[in-house]
Amino acid sequence: MAKDPLAEAGLHFDELNKLRVLEPEVGQKTTELKEECKEFVDKIGQFQKIVGDLIDLVDELAKEAETEKMKAIGARNLLKSVAKQREGQQQQLHALITEKKMQLERYRIEYDALSKVEAEQSEFIDQFILQK
């Protein structure tokens, strides 16, 4: 079988009878590879978009989590503040109770002393009336 002189020179005809430098099989494989590369680039683009959306979503969730964390810390600090405030009020009330107990004891002593004075004065009045 004789070789085609154009084929020996590296020139070939395609299915449309156009003169090509590449062999038809190589040209076809190149075209297929080009299409596969385009599909691959498109898929990579879609993947990058999906990953970008996912990153945005994760960032948004992270911000929301940080906001909730700050709210929780604020609530905890408020609770601690309220607890300390109650503790202070409790100490003030205990001091007031102690003060009132001491005042009550002073009033009892004063009452006993005044009762004794009243009894002495009543006895003095009774003796004075009896002497007249």
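One is the number of the first residue; the rest follow in order along the sequence.
- Within 6.0 Å of CD in Gln89 there are more than 12 heavy atoms belonging to other residues, nucleotides or ligands.
- Although no hydrogens or angles enter the test, the distance criterion places a donor-acceptor pair under 3.5 Å between the side chain of Ser115 and the main chain of Tyr111.
- Using a cut-off of 4.0 Å between Lys/Arg side-chain N and Asp/Glu carboxylate O, Lys63 and Asp59 are scored as not salt-bridged.
- One distance of note links NZ of Lys100 with OH of Tyr107; it measures 7.5 Å at 0.5 Å rounding.
- Remark: Asp56 CG to Leu61 CG distance equals 11.0 Å, nearest 0.5 Å.
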Could you walk me through whether Lys29 and Leu33 pass the side chain to side chain contact (heavy atoms under 4.5 Å, CB included) test, one step at a time? CA-CA 6 Å; Lys29 288 184 180 184; Leu33 181 60; over 6 Å; no
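- Taking CD1 of Ile50 as the start and CD of Gln46 as the end, the distance is 6.5 Å to the nearest 0.5 Å.
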Check against side chain to side chain contact (heavy atoms under 4.5 Å, CB included), Glu39 and Asp42: CA-CA 5 Å; Glu39 290 176 12; Asp42 291 344; 5.5 Å; no
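- Atoms NZ and CD, on Lys43 and Glu36 in that order, are 9.5 Å from each other to the nearest 0.5 Å.
- A distance of 9.0 Å separates CD in Gln92 from CG in Leu96, rounded to the nearest 0.5 Å.
- By the 4.0 Å N-to-carboxylate-O rule, Lys38 lies too far from Glu35 to be salt-bridged with it.
- For the pair Glu105 and Arg108, the salt-bridge criterion is met [side-chain N within less than 4.0 Å of a carboxylate O].
- Qualifying side-chain hydrogen bond (donor to acceptor under 3.5 Å, both in side chains) partners for Glu87, counting only residues two or more places apart in sequence or in other chains: none.
- Residues satisfying the side-chain contact (heavy atoms from CB on, under 4.5 Å) test with Ile97, not counting sequence neighbours, are Lys101.
- Residue Leu54 belongs to a hydrophobic cluster whose other members are Val58, with links defined by side-chain heavy atoms closer than 4.5 Å.
- Interatomic distance, Glu120 CD to Ile125 CD1, rounded to the nearest 0.5 Å: 12.0 Å.
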